[in-house]
S.K.: 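Encoded as structure tokens, here's the structure I'll be asking about.
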Number of protein chains: 2
Amino acid sequence: MTTNSDPVYLKIKKELLQRIRQGELRPGDKVEHEEIIAQQYDCARATVHRAIRELAEEGYVERKRRAGTRVASAGNRATRVTIPLVRQEIEARGAKYRFNVLEREIVTPSGVAGAALSSDRALFLRLIHFANEAPFQLEERWINLETVPQAEHATFEMTNPNEWLVETSPYSEAEHFFSAENANKAQAKLLELDENDALFVIERRTHLEGDAITYARLLHPGANYRMTAENFSFSTKN
Amino acid sequence: MTTNSDPVYLKIKKELLQRIRQGELRPGDKVEHEEIIAQQYDCARATVHRAIRELAEEGYVERKRRAGTRVASAGNRATRVTIPLVRQEIEARGAKYRFNVLEREIVTPSGVAGAALSSDRALFLRLIHFANEAPFQLEERWINLETVPQAEHATFEMTNPNEWLVETSPYSEAEHFFSAENANKAQAKLLELDENDALFVIERRTHLEGDAITYARLLHPGANYRMTAENFSFSTKN
DNA sequence: AGATTGAATATGTATGGACATATTAAAAAT
DNA sequence: ATTTTTAATATGTCCATACATATTCAATCT
């Protein structure tokens with residue numbers, strides 16, 4: 001609900017959103033002009049503009065110059081997913097975090113990793129992450145040594161590759177893919193599962209200004225892993 | 001890159017983001033005050049404010065009154081996932097969409113569905129969705145008949161339940177969960193898979209002002225299903 | 001009828017000023 | 001030395017106004 005202490009633009013936003021949620025304004029319906037709403041709330045047009053602009057950014061309405069504002073057609077709305085760092089994810093559950101480097105090798109990446117990195121030299125790493133000594137995530141990672149040459153001499157004993165990379169180039173762009181796979185024999189053994197058990201797979205490609213940095217596959221036992229997507233405007237809070 | 005035709009606030013936003021991406025401004029670093037940037041760009045403070053506010057909303061910087069603006073610590077950044085309507089998803093691939101209602105029954109939901117709906121009467125539906133006559137998604141859905149009584153007499157012959165619900169209460173709030181499971185015998189048969197093949201599972205709970213509307217489980221063959229998460233500020237476009 | 005031109009209009013951006021408010025740092029009082 | 005009070009400051013919101021620009025609708029010309 002709308003709090004008295006809310007700034008005016010938020011009040012307008014919430015009340016409009018409520019009218020949409022409750023079906024008073026249905027997809028395709030026109031929303032009043034900014035000037036008219038400004039009169040209703042006795043405020044400046046800029047204030048109304050901000051309210052409706054934010055609703056547009058969140059996908060609730062569509063705006064066109066001269067044509068006005070309409071409630072957007074529903075369906076395929078965007079949700080937010082936060083992909084956590086393993087350590088945080090594990091420690092947030094109150095468990096002890098530990099990881100282990102199983103493999104470390106300089107390779108010429110091929111296949112998916114090759115396509116993702118487009119580089120001749122990469123550092124390949126295979127790691128396992130534990131929560132309270134129980135296998136939590138199996139990680140296969142390629143780091144592009146052409147764009148991140150420092151990786152060649154990093155030990156990855158104290159900080160895992162993910163944390164190391166976040167430290168090294170903090171705000172690189174990332175793409176994520178989610179899928180499900182059956183565990184092969186090796187994966188099953190490392191994760192203490194049976195062969196063919198379902199795995200929840202997160203793939204991540206990061207790049208900086210077009211240059212590929214890393215490609216990683218993060219494999220979780222499907223039986224107890226669950227990823228949550230939040231709504232954009234939760235209830236009427238925002 | 002910054003286009004000449006970009007509005008000033010976008011120019012400021014992009015150039016600040018670039019300084020963060022390239023590591024000139026690192027996590028924890030202070031960003032200049034709004035007034036100073038306004039001087040540099042010869043614009044009003046409100047213009048700078050909008051640029052930095054949007055960067056804050058996207059998680060790149062953190063702002064505190066009196067304390068100023070600092071580059072946020074990286075890691076666990078949010079990404080956007082769009083959960084498409086099956087029909088759109090299938091037709092977007094150029095395939096023919098068809099669905100089939102396999103089961104339809106009024107039940108008292110128990111287990112996860114019961115917890116999600118907290119209702120005594122629900123319509124349970126089991127459906128299969130085809131792409132070019134190949135099984136694409138298996139759907140198990142409970143619709144709360146206390147909040148959506150009209151569902152009891154809906155046929156779901158032309159419009160599938162998802163589309164029907166989007167039509168009925170367009171902007172309800174939704175939560176999504178992703179996970180991986182092994183197909184049981186029945187699921188495998190319906191999806192034309194082998195038993196134990198990995199399934200990519202999307203669970204969805206929707207509610208309207210606190211009242212539960214529906215709970216659905218959407219099961220995809222893991223072998224060829226892949227969900228993509230986009231970045232928030234793609235490159236430097238936004 | 002069809003194409004071209006020309007207003008009308010709703011949104012988009014921007015200004016420069018004002019006041020509110022959270023938070024910090026310095027000053028004063030204990 | 002520690003706590004309390006006070007002032008300084010950066011961000012947050014808002015206004016009234018102005019002009020830019022995309023898009024529609026009507027008027028005009030071929």
Side-chain angles (χ1 to χ4, degrees), chain A residues 2-17 19-20 25 27-73 233 236-238, chain B residues 2-17 19-20 25 27-73 233 236-238:
Chain A
T2 312
T3 318
N4 291 355
S5 62
D6 277 345
V8 183
Y9 86 89
L10 241 193
K11 261 178 106 155
I12 299 174
K13 189 181 169 187
K14 284 182 180 179
E15 286 175 21
L16 261 174
L17 186 50
R19 289 169 64 196
I20 294 173
L25 289 169
D29 286 357
K30 258 218 192 98
V31 176
E32 301 90 311
H33 302 165
E34 292 183 350
E35 273 118 347
I36 293 174
I37 299 181
Q39 278 176 23
Q40 293 170 355
Y41 283 85
D42 191 31
C43 69
R45 186 169 76 88
T47 306
V48 181
H49 181 70
R50 176 161 176 197
I52 306 186
R53 173 163 46 78
E54 290 190 2
L55 284 178
E57 280 162 4
E58 289 159 21
Y60 291 100
V61 299
E62 279 171 0
R63 321 196 76 190
K64 255 198 244 168
R65 284 178 181 171
R66 160 85 217 227
T69 304
R70 294 175 172 280
V71 177
S73 60
S233 294
T236 350
K237 262 198 245 106
N238 237 345
Chain B
T2 313
T3 319
N4 291 354
S5 62
D6 277 343
V8 183
Y9 86 89
L10 243 192
K11 262 178 106 152
I12 299 174
K13 190 180 168 187
K14 285 183 179 179
E15 287 174 21
L16 261 174
L17 185 50
R19 287 170 64 197
I20 294 173
L25 288 169
D29 286 358
K30 258 220 192 99
V31 176
E32 300 89 310
H33 302 165
E34 292 183 349
E35 274 118 345
I36 293 172
I37 299 182
Q39 281 176 20
Q40 292 170 355
Y41 283 85
D42 191 32
C43 67
R45 185 171 77 92
T47 306
V48 180
H49 181 71
R50 176 163 177 196
I52 306 186
R53 173 163 47 79
E54 291 191 1
L55 284 178
E57 281 162 4
E58 290 159 22
Y60 291 100
V61 298
E62 278 169 2
R63 321 196 76 190
K64 256 198 243 166
R65 285 179 179 166
R66 160 84 217 225
T69 304
R70 297 178 171 278
V71 177
S73 61
S233 295
T236 347
K237 262 199 241 106
N238 235 350

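Chain A is the first sequence line, chain B the second, and so forth, proteins listed ahead of strands; every chain is numbered from 1.
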S.K.: Can you list the residues that meet the salt bridge (Lys or Arg N to Asp or Glu O under 4.0 Å) rule with A:E57, with sequence neighbours excluded?
M.R.: A:R53
S.K.: For nucleotides 3-13 of chain D, read 5' to 3', which letter fits each nucleotide if B means a protein heavy atom sits under 4.0 Å from the base, S means only the sugar-phosphate is that close, and - means neither?
M.R.: -----BBBBBB
S.K.: Go through B:L17 and B:Y60 one step at a time and tell me if the side-chain contact (heavy atoms from CB on, under 4.5 Å) criterion holds.
M.R.: CA-CA 8 Å; B:L17 185 50; B:Y60 291 100; 3.7 Å; yes
S.K.: Between B:L10 (CG) and D:dT21 (P), how many Å, whole number?
M.R.: 15 Å
S.K.: Got a sec, which pairs hit salt bridge (charged side-chain N to carboxylate O under 4.0 Å, His left out) with one end in residues 62-71 of chain A, sequence neighbours left out?
M.R.: A:E34-A:R63
S.K.: Between the protein and nucleotides 3-6 of chain C, are there any N/O to N/O pairs under 3.5 Å, and if so, what are the atom names and distances?
M.R.:
none

S.K.: Before accepting this row, confirm whether a basic side-chain N of the pair B:E54/B:R50 lies closer than 4.0 Å to the acidic partner's carboxylate O.
M.R.: yes
S.K.: Whole angstroms only, please: what is the CD-C1' distance between A:E62 and D:dA22?
M.R.: 16 Å
S.K.: Check the pair B:V61 / B:L25 against side-chain contact (heavy atoms from CB on, under 4.5 Å), numbers first and verdict last.
M.R.: CA-CA 10 Å; B:V61 298; B:L25 288 169; over 6 Å; no
S.K.: May I have the distance from A:D42 (atom CG) to D:dC14 (atom P), rounded to whole angstrom?
M.R.: 13 Å
S.K.: Can you check the B:Y41 OH to C:dT15 C1' distance for me, whole Å?
M.R.: 18 Å
S.K.: Kindly compute the distance separating NZ (B:K30) from OG1 (B:T69), expressed to the nearest 0.5 Å.
M.R.: 9.5 Å
S.K.: Would A:K13 and A:E58 count as a side-chain contact (heavy atoms from CB on, under 4.5 Å) if you check the C-alpha gap in whole Å, the side-chain angles of each, and the deciding distance to 0.1 Å?
M.R.: CA-CA 11 Å; A:K13 189 181 169 187; A:E58 289 159 21; 3.0 Å; yes
S.K.: Starting at CD of B:E54 and ending at P of C:dT13, how long is that distance when rounded to a whole Å?
M.R.: 9 Å
S.K.: OP1, OP2 of C:dT13 versus side-chain N and O of B:T47: anything below 4.0 Å?
M.R.: no
S.K.: Considering residues at least two apart in sequence or located in another chain, which fulfil the side-chain contact (heavy atoms from CB on, under 4.5 Å) criterion with A:E32?
M.R.: A:R19, A:I36, A:I37, A:Q40
S.K.: Rounded to whole Å, how long is the line connecting atom NZ of A:K11 with atom P of D:dC14?
M.R.: 10 Å
